[in-house]
Amino acid sequence: MSENQKTTRNYKDTVFLPSTTFPMRGGLPKKEPEIIARWKQLDLYKKLRKARKGREKFILHDGPPYANGNLHMGHALNKILKDVINRSQSMMGKDANYVPGWDCHGLPIEWKIEEQYRKKGKDKDEVPIEEFRQECRDFATHWMDVQSEEFQRLGVLGDWENPYYTMKFESEAIIAEEIGKFLMQGSLYRGSKPVMWSPVEKTALAEAEVEYSEHSSTTIFAKFKLVKCTIESLIGNYIIIWTTTPWTMPGNRALAYGKDIDYVAVTINQVSETSIAHEGQTIIVSEILLEDICSQCGISEYEVKTKLKGYELKGSIASHPMVKAGYDHSVLLLDGDYVTTEQGTGFVHIAPGHGPEDYELAHVKHGIEVPDTVNENGTLMEHLPHFSGLHVLRDNLKIAEIMAEHDGLIGIGKLIHSYPHSWRSHAPVIYRNTAQWFISMESDGLREYALSALAETSFYPTAGQRRLTSMIENRPDWCLSRQRAWGVPIPVFVDKKSGKPLQDQTVVDRIIDIFKKEGCDAWFTSPSSRFLGKDYDPGSYEKVNDIADVWFDSGSTHAFVLEKRKDLHSPADLYLEGSDQHRGWFHSSLLESSGTRFRAPYKGVLTHGFVLDEQGRKMSKSLGNVVNPQKIIQQSGADILRLWVVSSDYYDDLRIGAEILKRQTDHYRRIRNTLRYLLGALDGFDKLQPVSFDEMPELEKWVAARLFDLDITIRQKANIYDFHTIFTELHDFCNGDLSAFYFDIRKDMLYCDALDDPSRRAALTMMDMCFRSLVSWIAPILCFTADEAWLAYTGNNQDSIHLGEYQKIPLDWQNSDLIKKWSKVRSIRSDVTTALENARTDLKIGGSLQASVELSLPEEEVMLLSGIDLPTLFITSNAQIVNGNASQIKVEINLAVGDKCERCWKILPEVSTNDGICRRCNEVVTAMV
RNA sequence: AGGCGCGUAGCUCAGUUGGUUAGAGCGCACGACUGAUAAUCGUGAGGUCGGCAGUUCAAAUCUGCCCGUGCCUACCA
């Protein structure tokens, strides 16, 4: 080798640069499906069950999504969070067995099928119910398959081959069995309440099946004579009400006043020719509405007798306008906080069978019985004198005239207003009192059991407890029945004579047996005798044709999933859903379980917020701000979405949008590159001897202490489902501790020291542990990337990081003193980098290796730095303490003296006499041969 | 309209029992390196802590009102 060749020798191939097959760019959209395929081929779910066999179980019970469409961000958030929790529990050694599920029955699916019928010009009522139900079943099956694929694409690990769903025959049977429990207890009772009813279709409607359009109504001013009142002078006066639904008058049972409204008693002195009001009578109405009423009723002269406040009418009783014509019941005056003086008379007539508010005030609050007055075809019932057979929508003028004849009115009018109509027939609908099945909150102490169960449940965040508790405290009895087709029937027979439900366990058991084998379609297709057996005459019993509220279905999942599957347990460790489920699944599950098992089906409840757009607005099609999970997965990958979940405070609402996702991608790259650097550095490490902890340099011991602390934090936070903190800790560790500090300092050693140098081996030993720890810590979050990195590390494609656990960090790695010490060291280092930056700005230096650092330090800091190699710490070519007794830290930067080592690029005096490289490099290169 | 929440830098979040000039990371700007290179390192600029009023020696933190926003109810005779 000539002199010339020597000086230009390229030392690059003598430097141990990182090398790895783990690419810098993830290419997640393409890679993730491959990883999923690998998991399937490995049968990861089952393998994990085997690996965790006998371990303590952790059961996060899946709240079933509704099987009727593609996933949206809310689904993604929910399932990712569940998966992160399950995987982290698994990493902590538990058998976290996750069984996903679906909710299949219910109105939205029923509608879809109906809609298809309408398109074909078919009528739902002409189709046999079993055929209709089969189509609903097929529809739900289709969407379960679609959603299952979509969930798995998010990386969610669970028993996808054997999920639960509410329309499975066994599920349906057990739902029926649970209803049977309430039946046998006696807390299931038949009552009634007003529901939206279409007289044309003769069916109950849901709120969402109703559309509002213009309708012309006959209005009446009806008069109720006061028969009892604390203000005696008012007795005999008439309370006036105004209504747009004269047909509800036979069902009137009360009047509502506003306690703070000003009323006046007014004597009518003169009326117009056409008026039906009577001179000399005294009426009571709202003061500010008086003029308006008088003009509408043709009252031309009047005289105010008394002024009063609403509350003075408390306890008063009036008589019905038709009191002498068969309507001689008492009409109570009640305080209604919803009464306004915007229109009408300031009094509201209450027909408990014809409005939810009427029902609530009269029946629920005051126990007034709800009369049946309207047939299912919309005609008034036979037992109603004078009105029998009249139609509630067509005959209102007639009804008004009859009332006027009986001197029950002071005015008749007309109003065009917005009124509910049936979505299907576009015909007006009414509220109609309808027989319904209820579960009593009181009769068997359900409310008490539920409340005490809540007190024993852990809530994340704690606010959920208050919210649910106040709902349970205030809610009315559970209305279980729906007049619908697609659901689990209420498996009850009613004794036609007594009107009481049949309570016989053998009948219930028989029903359940049949449902288990054939599904609950049998209820609609089999004769009653099949269920009743020989002991009862089918002719004497009415089979209930209502189905159960779908919330009862999902409220029973603990019974047919948690209790029935041997690989699960009840109560679950955790239920986790969006905050809307306080009113939904958390609520219904609690009631169902409290009523039958006297405890909650869960030990903990976690609620997350809703997904909003980047400005914090709700997502809607009309705003055009909807973000689809499918699109994000396609563009960036599911790991990015998963990172978004844990980087957010999911107890509150979460925002998502272009910038937020960009930030996640940035964070992802940082973590990925940290893994990549470790993998590169560790290339070939397995051939070298690891170094025992005691023999490691202090810097490595500091890394060990950081790992120890992180391990503690991560386990603690994972146990309270606080992944946001975990994410922050991990990111800062990769970013601040490793990349910007430890790696940067150790590069020289890693690249330039002899391959088997003890210090270098010590660094690699610690880096190996860093990698193993880091990859297991991110595994629950970045499940794909962790898997990929682990595969690059082990080279064993029959293994997966997800079968493993968090690393066990040795106890003697804990060292809070070292953490404190190096925090101070880094503070001095920061002063140096600032000084270096200033020198750079002054064009004194470029790279830090060009610099020589002169430090003036107080004694304390000198002690701190003793034993630490300063050029290594600062990544400069030279550094020394020039004054060890200074009052404050002072840093001076000079150009390093000497020539640049061709191999390690440090500037050292020895280089010129050493063939262009430094002493250390010379030794290493010579030894290589 | 009612019940329960939320509102700290462009973004995501910390801010312990009220106590010095309100923190972090990202992004941004500027610079260095070119042996983590569609990487990496450094420095820096960004906040009347939703608004107003009050309690206090002292408020992002406690109280009241208001505004914005989300979930759940109720939207009617």
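In what follows, chains carry the letters A, B, and so on, assigned in the order in which the sequence lines appear, proteins first and then strands, with residues in each chain numbered from 1.
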Exercise. Would you say B/G27 has OP1 or OP2 under 4.0 Å from some side-chain N or O of A/Lys662?
Worked result: no

Exercise. Rounded to the nearest Å, what distance is computed from the CG atom of residue A/Leu623 to the P atom of nucleotide B/U69?
Worked result: 12 Å

Problem set entry | Complementary nucleotide of B/G31, counting Watson-Crick and G-U pairs under 3.5 Å | B/C41

For this session: Can you see which heavy atom on A/Ile720 is nearest to which on A/Tyr460, and at what distance?
Result: O-CD2, 4.1 Å

For this session: Decide, yes or no, whether a salt bridge links A/Arg920 with A/Asp753 under the criterion of side-chain N to carboxylate O below 4.0 Å.
Result: yes

For this session: Let me know the distance between CZ of A/Arg655 and C1' of B/C13, rounded to the nearest Å.
Result: 13 Å

Seminar exercise, completed: Pairing partner of B/C49, by Watson-Crick or G-U wobble and under 3.5 Å for both distances, is none

Exercise. Does B/G25 pair with anything, Watson-Crick or G-U wobble, both distances under 3.5 Å, and if so, with which nucleotide?
Worked result: B/C11

For this session: Could you let me know what B/U55 is paired to, Watson-Crick or G-U wobble, both distances under 3.5 Å, or none if it's on its own?
Result: none

For this session: Hey, which sits more toward the 5' end of RNA chain B by its nearest nucleotide, A/Asp732 or A/Phe347?
Result: A/Asp732

For this session: Cation-pi check, A/Arg829 to A/Phe874: give yes when NZ or CZ is under 6.0 Å from the six-membered ring centre and within 45° of the ring axis, no otherwise.
Result: no

For this session: Return the value, rounded to whole Å, for the distance between atom CG of A/Leu661 and atom C1' of B/G27.
Result: 14 Å

Exercise. Under the ring-ring contact (aromatic ring centres under 6.0 Å, His included) rule, what pairs show up with a residue in residues 655-684 of chain A, not counting sequence neighbours?
Worked result: A/His667-A/Phe727, A/His667-A/His731, A/Tyr677-A/Phe743

Exercise. Relative to the 5' end of RNA chain B, which residue comes earlier, A/Tyr651 or A/Tyr419, by the nucleotide with the nearest heavy atom?
Worked result: A/Tyr651

Exercise. Do the charged groups of A/Asp653 and A/Arg617 touch, with an N to O distance under 4.0 Å?
Worked result: no

Exercise. Please, which pairs that meet salt bridge (charged side-chain N to carboxylate O under 4.0 Å, His left out) have at least one residue in residues 15-31 of chain A, sequence neighbours excluded?
Worked result: A/Lys30-A/Glu34, A/Lys31-A/Glu788

Seminar exercise, completed: From CG of A/Leu643 across to C1' of B/C13 the rounded distance in Å is 13 Å

Exercise. Which whole number of Å gives the distance between the P atom of B/G51 and that of B/A9?
Worked result: 10 Å

For this session: Just name whichever nucleotide pairs with B/A74, Watson-Crick or G-U, keeping both distances under 3.5 Å, else none.
Result: none

Exercise. Can we say A/Lys662 and A/Glu659 salt-bridge, meaning some charged N sits less than 4.0 Å from an Asp/Glu carboxylate O?
Worked result: no

Problem set entry | Lys/Arg-Asp/Glu bridge criterion (N-O < 4.0 Å) met for A/Asp580, A/Arg583 | no

Exercise. Between B/A22 and B/G54, how far is it from one C1' atom to the other, in whole Å?
Worked result: 23 Å

Exercise. Taking CZ from A/Arg475 and C1' from B/U73, how many angstroms apart are they, rounded to a whole number?
Worked result: 13 Å

Short heteroatom pairs, N/O only, protein and nucleotides 2-4 of chain B, under 3.5 Å:
unit_1: B/C4; atom_1: O3'; unit_2: A/Arg466; atom_2: NH1; d: 3.4

Exercise. Between B/C4 and B/C76, how far is it from one P atom to the other, in whole Å?
Worked result: 24 Å

Exercise. With sequence neighbours left out, what residues match A/Asp358 under salt bridge (charged side-chain N to carboxylate O under 4.0 Å, His left out)?
Worked result: none

Exercise. Contact class for A/His582 (heavy atom, under 4.0 Å): base, sugar-phosphate, or nothing?
Worked result: nothing

Seminar exercise, completed: With B for base contact, S for sugar-phosphate-only contact and - for none (protein heavy atoms under 4.0 Å), nucleotides 32-38 of chain B reads SSSBBSB

Exercise. Using the P atom in both, what is the distance from B/U63 to B/U55, to the nearest Å?
Worked result: 15 Å

For this session: Would you mind classifying the nucleic acid contact of A/Arg663 as base, sugar-phosphate or nothing, using non-hydrogen atoms under 4.0 angstrom?
Result: base

Exercise. Contact class for A/Gly616 (heavy atom, under 4.0 Å): base, sugar-phosphate, or nothing?
Worked result: sugar-phosphate

Exercise. If every non-hydrogen atom of A/Cys904 is compared with every non-hydrogen atom of A/Leu849, which pair is closest and at what distance?
Worked result: O-CD1, 4.0 Å

Problem set entry | Integer angstrom distance from the P of B/C13 to that of B/U17 | 22 Å

For this session: Scan every strand shown for a Watson-Crick or G-U wobble partner of B/U61, both distances under 3.5 Å, and answer none if you come up empty.
Result: none

For this session: Can you tell me, in whole Å, how much space there is between the P of B/G70 and that of B/G64?
Result: 24 Å

Exercise. For B/G10, does the O4'-C1'-N9-C4 (purine) or O4'-C1'-N1-C2 (pyrimidine) torsion place it in syn, i.e. within 90° of 0, or in anti?
Worked result: anti

Exercise. Rounding to the closest angstrom, what is the interatomic distance between B/A60 and B/U20 at atom C1'?
Worked result: 16 Å

Exercise. Are A/Thr725 and B/A14 close enough that a side-chain N or O sits under 4.0 Å from OP1 or OP2?
Worked result: no

Exercise. Any ion pair linking A/Lys906 and A/Asp748 (charged N to carboxylate O, less than 4.0 Å)?
Worked result: yes

Problem set entry | Mate of B/U20 where both pairing distances stay under 3.5 Å, Watson-Crick or G-U | none

Exercise. Can you name the residues that form a salt bridge (charged side-chain N to carboxylate O under 4.0 Å, His left out) with A/Arg253, not counting sequence neighbours?
Worked result: none

Exercise. Do the two ring centres, one from A/His349 and one from A/Trp242, sit under 6.0 Å apart?
Worked result: no

Problem set entry | Between B/G70 (P) and A/Arg617 (CZ): distance, integer Å | 10 Å

For this session: Would you indicate what A/Thr243 reaches in the nucleic acid, counting non-hydrogen atoms under 4.0 angstrom: base, sugar-phosphate, or nothing?
Result: sugar-phosphate

Seminar exercise, completed: Side-chain contact check for A/Asp666: nearest option of B/U12, B/G27, B/G25 is B/G27

Seminar exercise, completed: Separation of B/A9 atom P from A/Ile660 atom CD1, nearest Å, is 13 Å

Exercise. Think A/Asn735 has a side-chain N or O under 4.0 angstrom from the OP1 or OP2 of B/C26?
Worked result: yes

For this session: Check the distance between B/U73's P and A/Glu360's CD and give it to me in whole angstrom.
Result: 14 Å

Seminar exercise, completed: Considering only heavy side-chain atoms of A/Thr833, the closest of B/G70, B/G42, B/C11 is B/G42

For this session: Pick the C1' atom in B/U21 and in B/G47, then give their distance to the nearest Å.
Result: 14 Å

Exercise. With both distances kept under 3.5 Å, what pairs with B/G68, Watson-Crick or G-U wobble?
Worked result: B/C6

